[in-house]
*Asks:* 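Pasting in a structure now, in structure tokens, and then I'll have a few things to ask.
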Amino acid sequence: MRQRAPLYIGLVLADAKGDAMYAEIPQEIIPAVDPLTCVDNIYVISKFKVNPAKATYKPLDDVLGYITRYNSVTSITPKGKERASILREVFIKDMSDNELKITLWSDYAMNFTVDHLNTKENPKAVIALFVSFIPRKWHSRDIEDKPYLSASSGCHYYLNPDIKEALPFYNRFKDQPIYIERPPLSEAEVPMQPHDTPLQQKNIAELNSIDPYEFADEGYKCTVTVTNIADNNNWWYMSCKGCKKKMDPQLGGYKCPKCYATTPWPRYLLNFTAKDETGEASFFAYDEIAKLIVQKDHDLIINPLKLASGLPQPLRSIISKKFTFSVGLTEDSFTTRARRQYLVNHILDRSDRQNSALNIAASGKPAETVPAPATTSTQPPSSLYITHGPQPQQQVLQITHDNQSVC
Ligand SMILES: [Zn+2]
């Protein structure tokens, strides 16, 4: 499997006082910076931009607990995507025995084991510190909105950390054996490969010929060039920040007809046309995907109090760009042929991305390649010596790239 250059590298940086912030290294300078970057080293970073926390920013959590069990790794492909991911679920409990699920991905998932610390013959408790994980909620019929933590790009975990916060756990389990349930060894020996599920490639003529009721559940992929976005203000709506319902304008503000909240939030409803060599069709993207297509959050390109006529520049700039979309059908497409519209589930490739396969196909010669960044071992240390402090080695990183898109 060809290794993709990451879009960015996420980092958690701490200063001498211990205050932490989240940072990203943009794709363009990863090859220069990545081999130098190592956890626990001290760096002087110059030429960077500080952005206010994004509206979509999720605070990261550190948690400490004792491990009770973990599952074998599994391969999952999100609906409408092609690329599968490997995940493993680890369960921990706090001092009050509240259970929390932690989701590990990729190498972290595959390398996770407590075999060296906990066996049937030596059933010693294993305390785990998970750092910079993203709190999420999972929806199930039995347990509504039960929270769990998912690995972020800058996360890390430590087993049996040497920190004072872990002392209550060590004291509690000093004489108390606990065997951690885990997948059988035979299962662990089988190297896990992600099972990608390639979508069928269709052109517009082929998509148009498919009966809505025979449209594949997972959808199809198609490569198209954006031709037009209707030049009116229908590409966004004022939604309720909490429940996403369209809000009614009231005297001096907005009110949600469903939950009566009064905090408005603009969201995309992006209708556009796109074509390939076989025809032109209508496409639609909800807010989450539209944001990725436009590459700008809505609040950065629209001021609802000062509506300008004409399309804002970030929207105009996607016209004539080429995308490979994973598509399904909108609900309206089932009612009449005239309202057939393709719902964009995901963006699989785009011509303005470095190393895009779309450019290679168009120009007949490969685009300039970027060397794959050196990968450092993802096997975390088995213990954390916070009391020892960071290593006294100092490196200077001169980031000479003046990139505006650092965010
Ligand atoms: Zn609402």
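Computed from a predicted model, the values in this text were never measured in an experiment. Remember, it's 1-based here, ligands and their atoms both numbered in the order they're listed. Start at 1 with the first residue, then count along the sequence.
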*Asks:* What residue among T225, T227, N228 forms side chain to side chain donor-acceptor pair (under 3.5 Å) with T273?
*Replies:* T227

*Asks:* Please report how many protein N/O/S atoms lie under 2.8 Å from the Zn ion (ligand 1).
*Replies:* 4

*Asks:* Answer yes or no: is there a side-chain heavy-atom contact under 4.5 Å between V327 and N345?
*Replies:* no

*Asks:* Identify each donor-acceptor pair in which a side-chain atom of residues 198-205 lies under 3.5 Å from a protein atom, sequence neighbours left out, and give them as a table.
*Replies:*
unit_1, atom_1, unit_2, atom_2, d
Q200, OE1, K202, NZ, 3.2
Q201, NE2, T223, OG1, 3.3
N203, OD1, A205, N, 3.2
N203, OD1, E206, N, 2.8

*Asks:* Show, in sequence, the C-alpha distance, side-chain angles and deciding distance for D248 and K255, and conclude whether the salt bridge (charged side-chain N to carboxylate O under 4.0 Å, His left out) test is met.
*Replies:* CA-CA 6 Å; D248 302 325; K255 194 169 186 181; over 6 Å; no

*Asks:* Salt bridge or not for R182 and D115, using N-O below 4.0 Å?
*Replies:* yes

*Asks:* Working note: Y66 + F173, criterion ring pair (Phe, Tyr, Trp, His ring centres under 6.0 Å); need CA distance, chi angles, decisive distance, verdict.
*Replies:* CA-CA 9 Å; Y66 66 96; F173 291 104; 4.5 Å; yes

